[in-house]
Amino acid sequence: MAKYAVPRGTKDILPDETALWQRLESACRRVFGLYNYGEIRTPIFEATDLFARSIGVSSDIVSKEMYEFKDRKGRSLTLRPEATAPVVRAALENNLIGPDKLTKLYYIGPMFRYERPQAGRQRQFHQAGVEVFGSADPLVDAEIILLNLQLFQELGLNDLSVNLNSVGCSVCRPDYRQKLKEYFHDKVKKMCADCLNRYETNTLRILDCKEAGCQAALEGAPAAVASLCPECLAHFQAAIKTLDYQQVNFVVNKRLVRGLDYYTRTTFEIIAPSLGAQNAISGGGRYDGLVETLGGKPTPAAGFAVGMERVITLMTNDAVPAGQTARMGRQECLMTNEGDIILYLVTLGEEAKKLGFDQLVKLRKKGISAEIDYLGRSLKAQLKTADRLGVKYVYIIGEAELKQGQGILKKMATAEQKEIKFDSLEEEIKL
RNA sequence: GUGGUUGUAGCUCAGUUGGUUAGAGCAUCAGAUUGUGGAUCUGAGGGUCGUGGGUUCAAAUCCCAUCAGCCACCCCA
């Protein structure tokens, strides 16, 4: 018998499996790059306080799942249980976040949570995720969900279910919490001990309870969507409308509340029902208050993370032929280098932006790396951004172009431009 | 761990024996060009002077502590 074993909840990944991991990692890098996200690598541990303040002291993660330790100088440090807070910290510390600036980052790496191990749950596990800072546009919510789905599609994952909800903002969430408290006031005594505790400390999380005995009480609970303030409702409806238009199959799950306190407005999870009890393979949403909480200027943000072990399980079970996922490889993309964006969509006005977003989605689905303005900036500012990105083309859609059904394709290097029908854009830039 | 050294705008740095409202270059943003990037010109925004105490009528400046960075040594992937 071996003298030593891996610590409980951890795993060795051996050569026969690392091939799969490498495929997953390279797919993440390729798709994140396609959507113009840049990689960031942060330390594996951070000041404990960073997680306490961001994730919330009453959350399960902070209250009982952190790998916390003191170093020799007595500083309280914690192995990261998730990466959003560290990424925000790093982005602030290195001035990556600024006014009139959209920042898109991704990360891949190990996370640590002290939990009872089970299928799909380890104490050291891996996540790949993205974060967008600087735009409150519901199209950003749609972008990250579409990105997430494209990643899973490339990996050949099937039978996934997208759950969507809105948890409101600092204005409307207190109202919702109050409504829940009223609803559960009499029922909570008959529910499990955790729910009784959550009732006081973190009321929304009662909705997350998996105890059989609690389910009946949860059925009739009021929905967060019904308590949203006008702004949050409009935001949620806009996000839904875009996802509908892009033919994303999703369900609004009024019981979807995520275990981290920083979420606002849109939250989502992608579920693989075949996995069993721990069946969420990715999750995320908007967190418009976190940057300010961690000491930055108020900055809207959104992101998601993929549970890599769970995806690996699906890749194994579903046995996708390797050749099939290589379809979107570099050779068939117009991407010359990882991270090179070849076209920037310049749009003027809401209508043009909607149309531009549709073009953006079409291009990315074809593996053509493109970007759009989410900040509502001027024509000139958008062109400047495009120039800085080093794009080969810019495609301009303004009011005149909307009417004519064709935009202006401009080649940056020569400044020559011509009118190209919306339908022909993809053909044209392959030349 | 030991010793040294440095913390002023996003970056690089000025800032007199302590003395008005802390400056410059670059970068950013806006305008010149009411719908077109780079170049130029004009203007604007941006600062807990690392943090906390102390001395003083007055502290970016002097003193103490503390935190952080950098360099060397020790050790080491």
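Everything quoted here is computed from the prediction, not taken from an experiment.
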Worksheet entry | Sequence neighbours excluded, every pair satisfying salt bridge (charged side-chain N to carboxylate O under 4.0 Å, His left out) that has a member inside residues 306-317 of chain A | none
Rounded distance in Å between the [atom1] positions of [N] and [M]:
N	M	atom1	value
B:G53	B:C13	C1'	29 Å
B:C41	B:G47	P	27 Å
B:G69	B:C63	C1'	23 Å
B:C49	B:U61	P	9 Å
B:U36	B:A30	P	14 Å
B:A9	B:G1	P	29 Å

Discussion item. I want to know whether A:Phe32 and A:Tyr106 have ring centres closer than 6.0 Å.
Written reply: yes
Worksheet item: Minimum heavy-atom separation for A:Val57 to A:Val62, with atom names?
Response: CA-CG1, 3.9 Å
Response to the item:
Looking only at heavy atoms, the pair that brings A:Glu426 and A:Lys366 closest together is OE1-NZ, 3.2 Å
Item to complete: Report, as a single string ordered 5' to 3', how protein heavy atoms within less than 4.0 Å touch nucleotides 33-43 of chain B: B base, S sugar-phosphate only, - not at all.
Response: --BBBB-----
Practice prompt. Let me have a per-nucleotide readout for nucleotides 66-77 of chain B, 5' to 3', with B, S or -, counting only protein heavy atoms under 4.0 Å.
Written response: --S---------
Worksheet item: Salt bridge or not for A:Glu371 and A:Arg364, using N-O below 4.0 Å?
Response: yes
Fill in: Lys/Arg-Asp/Glu bridge criterion (N-O < 4.0 Å) met for A:Arg41, A:Glu39
yes
Worksheet, complete the sentence: Sorted by chain and number, sequence neighbours left out, side-chain contact (heavy atoms from CB on, under 4.5 Å) with A:Asp288 holds for A:Thr264, A:Arg265, A:Arg286, A:Pro300
Practice prompt. Name all residues meeting the side-chain contact (heavy atoms from CB on, under 4.5 Å) criterion together with A:Asn95; count only those two or more places apart in sequence or in a different chain, and write none if there are none.
Written response: none
Rounding to a whole Å, what distance do you find between [X]:[atom1] and [N]:[atom2]?
X	N	atom1	atom2	answer
A:Asn94	B:A9	CG	P	15 Å
A:Arg377	B:C29	CZ	C1'	8 Å
A:Asp100	B:G10	CG	C1'	14 Å

Worksheet item: Does the side chain of A:Gln124 come under 3.5 Å of the side chain of A:Tyr67 through a donor N or O and an acceptor N or O?
Response: no
Worksheet item: Would A:Asp358 and A:Gln246 count as having a side-chain donor-acceptor pair, cut-off 3.5 Å?
Response: yes
Discussion item. Ring-plane angle category for A:His126 and A:Trp21, please: parallel below 30°, perpendicular beyond 60°, tilted otherwise.
Written reply: perpendicular
Worksheet item: How is the base pairing of RNA chain B summarised as a dot-bracket string, given the Watson-Crick and G-U wobble criteria with both distances under 3.5 Å, [ ] for crossing and | for another strand?
Response: (((((((..((((.....[...)))).(((((.......))))).....(((((..]....))))))))))))....
